[in-house]
Amino acid sequence: MANEKGLNFIEEIVEKDLKSGKYQQIITRFPPEPNGYLHLGHAKSICLNFGLAKDYNGKTNLRFDDTNPITEETEYVDSIKSDVRWLGFEWANELYASDYFDQLYDFAVDLINKGLAYVDDSTSEEIALQKGTPTKHGTDNKYRNRSVEENLKLFEEMKEGKYKDGAKVLRAKIDMKHANMLMRDPVLYRIKHAHHHRTADKWCIYPLYDFAHGQSDAIEGVTHSICTLEFVPHRELYDWFIEKLEIFPSKQYEFARLNMTYTMMSKRKLLLLVNEKHVNGWDDPRMPTISAMRRRGFTPESIRDFCERIGVAKRDNLIDFGLLEFCVRDHLNKIALRRMMVLDPIKVVITNYESGKEEFLPSENNPEDDTAGSRNLPFCNELYIERDDFMENPPKKYFRLFPGGMVRLKSAYIIQCDEVIRNASGEVEELRCTYFPESKSGSDNSGLKVKGVIHWVSAKHAVPAEVRLYDRLFNTEDLGAIEDDFTNHLNPESLKVQHAYAEPELVNAKAEDRFQFMRIGYFCMDLDSTKDKLVFNRTTTLRDMWSKEQKKA
RNA sequence: UGCCCGAUGGUGUAACUGGCAACACGCUUGAUUUUGAUUCAAGAAAGUCUAGGUUCGAGCCCUAGUCGGGCAACCA
């Protein structure tokens with residue numbers, strides 16, 4: 001059982017249903033349509049549905065809502081399965097709405113026999129017109145009163161392929177004046193002579209969502225059918241089918257979908273970003289898809305933690321992107337190995353260190369994890385340090401390197417900057433420093449006290465690497481509030497590629513390995529990485545009080 | 001001129017179902033630190049959309065408003 005306190009409203013319902021004996025065991029389902037990749041919003045739903053089953057000893061089915069063959073593909077089916085597994089969940093059964101096409105057809109015939117469905121020859125425009133508006137009643141048409149026999153024959157002929165796409169539909173016969181527009185004789189079946197990813201060319205008529213989803217739930221004995229708020233008005237129809245068809249009474253419950261700052265969470269729009277090449281595919285690390293987040297270096301644990309923290313309720317929400325960052329940092333801090341990487345180098349020459357000499361200095365792999373061990377860093381008289389770890393005219397409270405100043409090189413020695421060398425255009429090109437041999441890490445008896453510790457790599461041993469620095473894909477905080485084309489809000493600087501110098505240990509990394517590049521951020525080795533060209537994606541930066549301090553000034 | 005949801009610090013979620021609003025993120029300040037990270041400590045921040053009502057007592061119940069969101073795809 002979950003915690004005694006702080007249950008969300010769905011957990012409350014489940015507990016009540018279990019306690020009252022209404023159900024011995026709960027069954028939930030995660031029902032994606034295979035027409036795109038899963039995103040963070042789906043992760044919320046996955047964690048909810050699978051989490052419920054896990055907490056209350058139930059089962060969760062993975063059911064593909066594949067009733068529209070035009071937009072659905074097996075590529076999407078495969079990606080969805082892989083993403084759910086990666087997130088750490090296993091389904092009880094892998095199912096498809098298309099598994100039920102025969103039964104759904106029988107349900108439709110049953111409705112016709114009961115006088116509750118009819119074949120309509122109207123065009124979609126006519127149907128839309130007759131439907132009225134939210135404030136205006138709809139009107140009956142002449143097809144509404146066809147006899148059961150005629151409807152049976154026509155529907156059969158629809159199935160046989162006697163009619164062209166759009167020529168006829170099967171509709172429920174409910175009430176064209178109903179206040180809920182979904183109850184105004186909703187379309188149940190449409191004709192589509194299309195190849196289906198699973199049933200191939202067996203069918204040329206396909207049920208719509210409303211006639212497939214609830215019945216699929218009923219067939220599977222789903223006890224709690226959990227979906228997002230936009231389906232609230234569908235619930236009345238959902239219940240109507242259950243009643244008229246006399247099938248298992250699944251119950252639908254709705255929660256508010258996830259919205260996040262600077263993030264677009266619509267499958268349709270994400271598809272457009274992919275198709276129009278605003279990003280490099282569904283798993284471009286800037287995308288909010290699960291596969292992209294994986295590639296970027298997020299961990300399943302951190303995503304689950306995030307979903308836990310945002311909670312489940314019915315009011316509209318806009319989650320701060322910073323919460324997600326907090327969750328990854330929190331996890332990565334504990335597990336990511338520390339490495340040193342210089343993104344924007346300045347060369348440092350240590351004038352009092354013998355030029356042919358090199359030594360190997362141990363450095364812990366992860367101070368948060370005693371079992372992580374250490375590796376040896378090569379050290380010599382030529383190093384690279386980060387360009388902004390040096391300032392000629394430092395502001396107050398700057399405690400990195402400046403002319404005449406001292407810093408510690410992490411896991412190595414304290415150095416002092418003696419001389420600044422510029423190139424022709426006046427840029428700082430090289431720093432001449434002296435080191436203090438007695439200040440060696442681990443055996444420091446120099447008596448020197450420095451505030452700053454900076455990262456570095458040996459210029460002679462460093463290996464070049466490509467580093468991909470990602471920023472938010474959009475510049476606008478609340479994309480739900482915009483009126484214009486969302487592509488106007490893309491951040492042109494969402495990706496910066498930088499050539500960097502890595503400590504040599506990094507050549508042993510494998511794709512998807514995650515690291516903390518000390519004082520810079522968390523990074524993940526990209527799939528594109530090769531032995532000759534290391535590539536890392538920045539998952540997120542480290543928290544940075546110094547930049548905050550500077551902004552104040 | 002309809003129907004359906006919703007409303008608690010900046011953000012998100014709680015509040016033993018009527019007993020003087022809690023947790024997390026963020027923010028501020030300080031300590032520790034060979035990552036300006038982490039960690040630790042302290043603090044600011046809502047009187048629960050409004051107005052009535054019931055009650056000894058209301059964020060929780062009732063009434064009427066206000067505001068926000070959704071509903072007119074042969075999409076899901």
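Throughout, protein chains are lettered first and strands after them, A, B, ... in sequence-line order, and every chain is numbered starting at 1.
- Atom CD1 in A:Ile10 sits roughly 16 Å away from atom P in B:C5 (whole-Å rounding).
- Taking the six-membered ring for Trp and thresholds of 30 and 60 degrees, A:Tyr105 and A:Phe155 have nearly parallel ring planes, at less than 30 degrees apart.
- The aromatic rings of A:His42 and A:His39 sit tilted, their planes meeting at an angle between 30° and 60°.
- Lacking a ring centre under 5.5 Å from that of the base six-membered ring together with a plane angle below 30°, A:Tyr209 does not count as stacked on B:A76.
- For B:C25, the OP1/OP2 oxygens have no side-chain nitrogen or oxygen of A:Arg329 closer than 4.0 Å.
- Using a 4.0 Å heavy-atom distance criterion, A:Leu318 is classed as a sugar-phosphate-only contact.
- Nucleotides B:A64 and B:U28, compared at atom C1', are 43 Å apart to the nearest Å.
- Within the 4.0 angstrom heavy-atom criterion, base atoms lie near A:Phe231.
- Base orientation of B:U17: syn, since the glycosidic angle falls within 90° of 0.
- Taking side-chain N and O atoms only, A:Arg190 has a distance below 4.0 Å to OP1 or OP2 of B:A76.
- The listed nucleotides are B:C25, B:A37, B:U35; the one nearest the side chain of A:Met545 is B:A37.
- Of the candidate nucleotides B:A37, B:G36, B:A24, B:A37 has the atom nearest to the side chain of A:Glu368.
- You'll find that the side chain of A:Ala179 is closest to B:C3, out of B:G36, B:C3, B:G12.
- Across all strands, A:Phe64 comes closer than 4.0 Å to no nucleic acid atom at all (heavy-atom distances).
- Between A:Arg257 and B:G70 there is no side-chain polar atom (N or O) within less than 4.0 angstrom of OP1 or OP2.
- Using a 4.0 Å heavy-atom distance criterion, A:Pro367 is classed as a base contact.
- Looking at A:Gln516, its side chain comes within 3.5 Å of the base of B:U35 through a donor and an acceptor atom.
- For A:Thr123 and B:C74, the shortest distance from a side-chain N or O to OP1 or OP2 is not below 4.0 Å.
- Using modelled atom types and a 3.5 Å distance limit, the side chains of A:Arg29 and A:His213 yield a donor-acceptor pair.
- Remark: A:Arg543 is in phosphate contact with B:U38, judged by side-chain N or O atoms under 4.0 Å from OP1 or OP2.
- Checked by distance alone, A:His137 brings no side-chain donor or acceptor within 3.5 Å of a matching partner on the base of B:A72.
- In this structure, A:Lys548 reaches the B:C27 phosphate: one of its side-chain N or O atoms is under 4.0 Å from OP1 or OP2.
- Closest to the side chain of A:Asn317, out of B:G36, B:A76, B:U13, is B:U13.
- Glycosidic torsion of B:G57 falls outside 90° of 0, placing the base in anti.
- The phosphate of B:G36 (OP1 or OP2) has no side-chain N or O of A:Lys551 nearer than 4.0 angstrom.
- Of the N and O atoms on the side chains of A:Asn365 and A:Arg339, at least one donor lies less than 3.5 Å from an acceptor on the other residue.
- For A:Phe326, taking side-chain heavy atoms from C-beta onward, the closest of the listed nucleotides B:U33, B:C74, B:C25 is B:C25.
- Remark: the separation of the P atoms in B:C27 and B:G70 is 31 Å, to the nearest Å.
- Aromatic pair A:Tyr413/A:Phe379: ring centres closer than 6.0 Å.
- Nearest nucleotide to the side chain of A:Asp330, out of B:U39, B:A76, B:U35: B:U39.
- Of the C1' atoms belonging to B:U11 and B:C20, the separation is 26 Å, rounded to the nearest Å.
- Taking atom P on both B:G9 and B:A45, the two are 15 Å apart, rounded to the nearest angstrom.
- A:Ser122 comes within contact range of at least one nucleobase, with a heavy-atom separation under 4.0 Å.
- At the heavy-atom level, A:Gly442 lies under 4.0 Å from base atoms of the strands shown.
- Within 4.0 Å of A:Arg400, counting heavy atoms only, lies at least one base atom of the nucleic acid.
- Counting only distance, with no hydrogens or angles, the side chain of A:Arg184 and the backbone of A:His178 share a donor-acceptor pair below 3.5 Å.
- In the set B:C74, B:C5, B:U33, the nucleotide with an atom closest to the side chain of A:Leu208 is B:C74.
- The aromatic rings of A:Tyr76 and A:Trp282 sit perpendicular to each other, their planes meeting at more than 60°, with 30° as the lower class boundary.
- If you check every strand for non-hydrogen atoms under 4.0 Å, A:Arg184 touches nothing.
- B:G52 sits 14 Å from B:A58 when the C1' atoms are compared, rounded to a whole Å.
- Contacts of A:Phe399 with the nucleic acid, taken as non-hydrogen atoms under 4.0 Å apart, include base atoms.
- Here A:Lys267 lies out of heavy-atom contact (under 4.0 Å) with every strand.
- With both ends at atom C1', the span from B:A14 to B:C74 equals 45 Å, rounded to whole Å.
- Take the nearest nucleotide of RNA chain B for A:Ser124 and for A:Ala313: the residue whose nucleotide is more 5' is A:Ala313.
- One can find a donor-acceptor pair under 3.5 Å joining the base of B:U34 and the side-chain atoms of A:Arg408.
- Each of A:Phe255, A:Tyr253, A:Phe9 was compared with A:His224 under the ring-ring contact (aromatic ring centres under 6.0 Å, His included) criterion, and only A:Tyr253 meets it.
- Distance check on atom C1': B:A76 versus B:U35 gives 48 Å, rounded to whole Å.
- Remark: the A:His234 side chain and the A:Gln252 side chain contain no N/O donor-acceptor pair separated by less than 3.5 Å.
- If you take atom P in B:U66 and the same atom in B:U50, they sit 15 Å apart, rounded to whole Å.
- When heavy atoms are screened at a 4.0 angstrom cut-off, A:Arg315 is found touching base atoms of the nucleic acid.
- Nucleic acid contact class of A:Asn8 (heavy atoms, under 4.0 Å, all strands): sugar-phosphate only.
- When each of A:Thr135 and A:Lys131 is assigned the nucleotide of RNA chain B bearing its nearest heavy atom, the one mapping closer to the 5' terminus is A:Thr135.
- Comparing atom distances between the A:Asp65 side chain and each of B:A37, B:C25, B:A76 picks out B:A76 as nearest.
- Nucleic acid contact class of A:Glu12 (heavy atoms, under 4.0 Å, all strands): base.
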